[in-house]
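Since the structure comes first, as structure tokens, the remarks are kept for the end.
Just the heavy atoms: all of them, side chains too, but no hydrogens, waters or symmetry mates, feed the values below. The chains referred to below are lettered A, B, ... by the order of the sequence lines, with proteins before strands, and numbering in each begins at 1.
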Number of protein chains: 2
Amino acid sequence: MVKSLAITRPIAREKQQVQTGKPLTKWSIFLINKKKKVQTNMTVHAMVESIVGCKWSLTVLSLIRQGINRPGAMQREVDGLTTKVLNERLVKLTRFGILHKQIYPESPPRVEYQFTEFGQHFLQIIDSIEKVQAELTSQ
Amino acid sequence: MVKSLAITRPIAREKQQVQTGKPLTKWSIFLINKKKKVQTNMTVHAMVESIVGCKWSLTVLSLIRQGINRPGAMQREVDGLTTKVLNERLVKLTRFGILHKQIYPESPPRVEYQFTEFGQHFLQIIDSIEKVQAELTSQ
DNA sequence: CCGTATCCCATAAGATACTG
DNA sequence: CAGTATCTTATGGGATACGG
């Protein structure tokens with residue numbers, strides 16, 4: 001008899017965190033749930049794992065920072081990025097409160113994503129990655 | 001007829017990178033392979049994804065920085081970290097040249113991990129994560 | 001253009017047991 | 001103590017098609 005497998009992968013881990021509210025460390029941050037903010041015991045550490053653990057997340061964040069902030073444009077820019085996955089990432093980053101989704105009621109529909117104030121904090125992490133990259137390259 | 005699934009997850013991505021040598025961007029760094037250094041077209045971006053994407057990696061790096069650098073001690077410190085996964089992470093981080101494995105030929109055997117000079121660059125990333133955490137907590 | 005839905009399968013990580 | 005091996009299962013992400 002084998003016990004059921006623990007939830008382990010990034011997206012699953014996130015769900016688990018939200019459900020159980022169990023912290024990895026002592027801090028808490030906010031996670032946006034539908035229309036209200038719900039406090040959960042998720043850490044930046046866990047958030048970073050959950051985000052970076054998902055393929056294309058860093059790519060998407062980089063793109064938006066470069067000003068490529070419309071889904072269609074992103075897909076055109078990146079080879080191999082499918083609609084489904086792109087949307088999953090955008091939804092997730094939005095749920096995390098890192099991105100804000102701006103919908104323009106036009107025809108054809110237009111949507112733009114931008115960093116929230118909260119999300120801007122995360123850019124530091126992207127920065128540090130690029131900084132390391134630069135350091136290692138310059139040698 | 002469905003084509004074989006592309007290799008997509010962190011560890012798999014790493015293998016793919018090493019095998020094909022296809023870069024995600026224009027930079028190259030080193031990956032330590034057995035006893036010689038082999039240049040491969042892996043980027044810090046990809047490396048970070050591959051590392052952080054794996055559960056417990058950040059935890060392990062944090063532990064080592066705190067001076068908890070022996071496998072047994074790590075396991076005692078962290079709840080839920082199994083031998084198998086811990087070892088997988090340590091091997092990987094060592095292969096990446098981020099950690100150095102120091103073996104003391106004693107009995108009982110003693111092993112200690114420490115950051116390589118190369119690996120110290122990565123501490124910036126951990127730092128930035130902790131900085132963000134601190135920023136978000138202090139509000 | 002934007003988003004959702006379905007199908008599919010290689011695989012990450014937990015559980016467990018075992019060796020030097 | 002350090003590390004390996006085997007088994008297991010839920011799931012991330014690609015492919016594809018469809019709807020507003």
Measure from the side-chain heavy atoms of Val111(A) and tell me the nearest of dG13(D), dG3(C), dA2(D). dG3(C)
Return yes if some donor-acceptor pair links the side-chain N/O of Gln133(B) with the main-chain N/O of Val44(A) below 3.5 Å, else return no. yes
Would you say a side-chain N or O of Tyr113(A) is under 4.0 Å from OP1 or OP2 of dG3(C)? yes
Can you find a side chain N or O atom of Trp56(A) that sits less than 4.0 Å from OP1 or OP2 on dG12(D)? no
Nearest to the side chain of Thr83(A), which nucleotide is it out of dG13(D), dC1(C), dT4(C)? dT4(C)
Between dG12(D), dC1(D), dC2(C), which one does the side chain of Pro10(A) approach most closely? dG12(D)
Of Pro108(B) and Arg89(A), the one whose closest nucleotide on DNA chain D sits nearer the 5' end is Pro108(B)
Working to the nearest 0.5 Å, report the span between CG of Leu86(B) and NZ of Lys84(B). 11.5 Å
Closest to the side chain of Arg70(B), out of dA2(D), dC2(C), dA12(C), is dA2(D)
It should be established whether Arg9(A) places a side-chain nitrogen or oxygen under 4.0 Å from OP1 or OP2 of nucleotide dG13(D). no
With distance as the sole test, does Arg89(A) use its side chain to make a donor-acceptor pair with the main-chain N or O of Leu61(A) at under 3.5 Å? no
Contact class for Tyr104(A) (heavy atom, under 4.0 Å): base, sugar-phosphate, or nothing? nothing
Any side-chain N or O of Asn87(B) less than 4.0 Å from the OP1 or OP2 oxygen of dA2(D)? no
Could you tell me how far apart Lys101(A) (NZ) and dT4(C) (C1') are, to the nearest whole angstrom? 11 Å
Hydrophobic cluster identity match, Ile103(A) and Leu99(A), side-chain contacts under 4.5 Å: yes
Please check the phosphate of dA12(C) (OP1 and OP2 only) for any side-chain N or O of Lys84(B) closer than 4.0 Å. no
If each of Thr82(B) and Ala73(A) is mapped to the nucleotide of DNA chain C with the nearest heavy atom, which maps nearer the 5' terminus, i.e. the 5' end? Ala73(A)
